[in-house]
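See below for the structure under consideration.
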Amino acid sequence: MRDAIAHGPAPGPNTLSYFDECLRILTPARCGTTAKFEAIGMLTGVVLLFAAQSGAPAPGLGQVDPAAYPHLAAAMTAPAAAVPHRDLFERTLRALLTGLLTDAPAP
């Protein structure tokens, strides 16, 4: 992370504020600074991924022959589970942050 900041454009005040607030929130986490920056980076990536997908049409098979990929065709045509999108978002963030922050050695 330090190399990316040192070699890229100088971060603006909003970026600095974002990282500062994230680090404040992560103060109680018993892990090193590197693990905290990795968690912030992954968190940011997941949020951007979910934001990009909101409102996007459901994926389909298009012109693909379903017989060539029977398991994928079955999965894509099965009824959707009744799990709200925000539940997936929350579960994803919890699992990601728990995995990144609890297994890291303390500084």
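Keep in mind that the numbers below use all heavy atoms, side chains included, and drop hydrogens, waters and symmetry copies.
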* Asked: Are the side chain of T15 and the backbone N or O of P11 linked by a donor-acceptor pair below 3.5 Å?
  -> no

* Rounded to the nearest 0.5 Å, how far apart are OH of Y18 and CD1 of I40? -> 7.0 Å

* A67 versus P70, closest heavy-atom pair with distance -> O-CD, 3.5 Å

* Residues in side-chain hydrogen bond (donor to acceptor under 3.5 Å, both in side chains) with S17, at least two apart? -> none

* Can you tell me how far the CD atom of E38 sits from the CG atom of L96, to the nearest 0.5 Å? -> 10.5 Å

Going by atom type alone, with no hydrogens or angles, which donor-acceptor pairs under 3.5 Å involve a side-chain atom of residues 20-27 and a protein atom two or more places apart or on another chain?
from : atom 1 : to  : atom 2 : distance (Å)
E21  : OE1    : R24 : NE     : 3.1
E21  : OE2    : R24 : NE     : 3.2
E21  : OE2    : R24 : NH2    : 2.5
T27  : OG1    : L23 : O      : 3.1
T27  : OG1    : R24 : O      : 2.9

* Spatial distance of atom CG (L97) from atom NZ (K36) [nearest 0.5 Å] -> 12.5 Å

* All side-chain contact (heavy atoms from CB on, under 4.5 Å) counterparts of L93, not counting sequence neighbours -> L43, V46, F89

* **Shared hydrophobic cluster, L49 / L100 (ILVMFWY, side-chain heavy atoms < 4.5 Å)** => no

